[in-house]
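Written out below as structure tokens is the structure these notes cover.
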Amino acid sequence: MTSVAAVCWGLVFWEREGKAYASISGPETRASTAPVPAGATFVGIEFAVGTSLHAVPTPTLVDSGVELPDTTRRTFWLDGVRWETPVADDAEALVDRLVRSGAVVRDPLVTEVRRGYRPAASGRTVERRFRAATGLTQGAVRQIERVRKASALLAGGVPVADVVSDLGYFDEPHLAHTLRRFVGRTARQLREGTGDAIALDLDQVTTS
């Protein structure tokens with residue numbers, strides 16, 4: 001599977017041949033290839049930019065991850081506590097418990113910046129806090145989010161020239177280079193739906 005650049009960290013749970021696994025996935029700054037074992041089933045939870053785990057700083061997770069020990073089909077260990085392993089229908093309940101316990105925290109300054117507010121702090125302080133909370137610079141987050149939107153538009157049939165214009169790319173070669181780096185696809189592959197499996201929801205309706 002092609003793993004696409006992403007700005008969020010997450011929790012991933014999977015089973016294969018009767019054995020359960022859990023891991024923390026980090027933000028990704030480039031496209032890569034990820035193995036998908038035959039017969040495995042997955043549940044993933046993606047957390048918002050600006051949130052982080054109390055026990056694992058997000059910067060240490062960039063382009064990597066951590067496998068959680070002693071995982072069973074019913075429970076997993078995180079931050080010194082055993083939690084109930086979620087299925088898709090109760091993932092939000094697990095998130096709520098993680099937040100209420102303090103295992104997942106957020107930096108309110110990052111939330112303000114993401115919402116377009118200008119906090120009463122210097123630009124250097126904002127950037128330092130942003131990177132400490134997310135593992136990425138503000139520019140990197142904007143770049144990755146833009147190319148993911150471009151991918152969805154292209155997959156939905158929007159002409160390349162319109163995507164370049166609507167999303168502010170310099171020209172078509174600039175978009176092509178960005179797609180190769182962050183998505184691992186060409187515009188044509190996205191339009192035609194060719195290539196191997198991709199970790200990106202291209203079926204969701206997206207508009208410019």
Side-chain angles (χ1 to χ4, degrees), residues 1-12 14 24-36 41-52 58-59 61-65 88 91-92 95 106-107 110-118 126-127 130-131 133-208:
M1 177 184 70
T2 298
S3 182
V4 176
V7 297
C8 301
W9 65 277
L11 294 174
V12 183
W14 72 100
I24 308 168
S25 62
E28 297 181 69
T29 61
R30 58 187 180 274
S32 60
T33 300
V36 181
T41 58
F42 292 84
V43 173
I45 303 174
E46 188 175 78
F47 289 79
V49 173
T51 63
S52 59
T58 305
L61 296 170
V62 175
D63 291 324
S64 63
E92 289 187 8
V95 173
R106 71 177 178 89
D107 187 330
V110 175
T111 301
E112 289 184 9
V113 170
R114 295 279 290 171
R115 292 175 176 173
Y117 299 128
R118 293 186 177 181
V126 170
E127 189 63 43
F130 194 97
R131 189 156 193 168
T134 69
L136 304 171
T137 64
Q138 294 183 68
V141 168
R142 288 192 294 267
Q143 192 174 29
I144 292 170
E145 290 181 332
R146 180 171 65 162
V147 75
R148 289 171 71 98
K149 183 174 183 180
S151 300
L153 291 170
L154 291 166
V158 177
V160 174
D162 289 349
V163 174
V164 169
S165 175
D166 292 346
L167 298 186
Y169 286 97
F170 183 74
D171 53 21
E172 291 188 18
H174 180 206
L175 172 60
H177 171 76
T178 306
L179 287 170
R180 286 194 301 270
R181 177 181 175 186
F182 294 111
V183 183
R185 289 287 193 280
T186 65
R188 181 175 180 178
Q189 286 176 317
L190 289 166
R191 287 198 308 271
E192 296 177 352
T194 56
D196 55 6
I198 186 170
L200 186 64
D201 184 2
L202 298 175
D203 297 324
Q204 183 177 356
V205 177
T206 306
T207 65
S208 59

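Numbers for residues simply follow the sequence, beginning at 1.
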May I ask you to test the [X]-[Y] pair for a side-chain heavy-atom distance under 4.5 Å?
X: L179; Y: V147; result: yes
X: R191; Y: V160; result: yes
X: S25; Y: L61; result: no
X: L200; Y: T2; result: no
X: F47; Y: L11; result: yes
X: T134; Y: V7; result: no
X: L153; Y: D166; result: no
X: F130; Y: D107; result: no

Original post:
Taking it one step at a time, do T51 and W9 satisfy side-chain contact (heavy atoms from CB on, under 4.5 Å)?
Top reply: CA-CA 9 Å; T51 63; W9 65 277; 3.2 Å; yes
Nearest 0.5 Å please: distance from the [atom1] atom of [X] over to the [atom2] atom of [Y].
X: L136; Y: T58; atom1: CG; atom2: OG1; answer: 9.0 Å
X: Q143; Y: T178; atom1: CD; atom2: OG1; answer: 6.0 Å
X: T194; Y: Q189; atom1: OG1; atom2: CD; answer: 4.5 Å
X: I198; Y: M1; atom1: CD1; atom2: CE; answer: 9.5 Å

Original post:
So, E172 side chain and V164 main chain: donor-acceptor pair closer than 3.5 Å or not?
Top reply: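 No; judged by distance alone, with no hydrogens or angles, the pair does not exist.
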Original post:
Is the backbone of A5 close enough, under 3.5 Å, to the side chain of R148 for a donor and an acceptor to pair up by distance?
Top reply: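 Yes, because the side chain of R148 sits within donor-acceptor range (under 3.5 Å) of the backbone of A5.
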Considering all heavy atoms, the nearest [X]-[Y] contact:
X: S3; Y: A34; answer: CB-CB, 4.2 Å
X: F182; Y: T29; answer: CE2-O, 3.3 Å
X: I144; Y: E28; answer: CD1-O, 3.7 Å
X: C8; Y: V49; answer: SG-CG2, 4.0 Å
X: L154; Y: A187; answer: CD1-CB, 4.0 Å
X: V110; Y: A133; answer: CG2-CB, 3.8 Å

Original post:
Quick one: is the NZ or CZ of R146 closer than 6.0 Å to the six-membered ring centre of Y169, and within 45° of its axis?
Top reply: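 Geometry flag: set, cation within 6.0 Å and 45°.
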Subject >> Crowding at CD, E192 (>12 non-hydrogen neighbours, <6.0 Å) >> reply: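 Yes.
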Subject >> Lys/Arg-Asp/Glu bridge criterion (N-O < 4.0 Å) met for D196, R185 >> reply: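 R185 and D196: salt-bridged.
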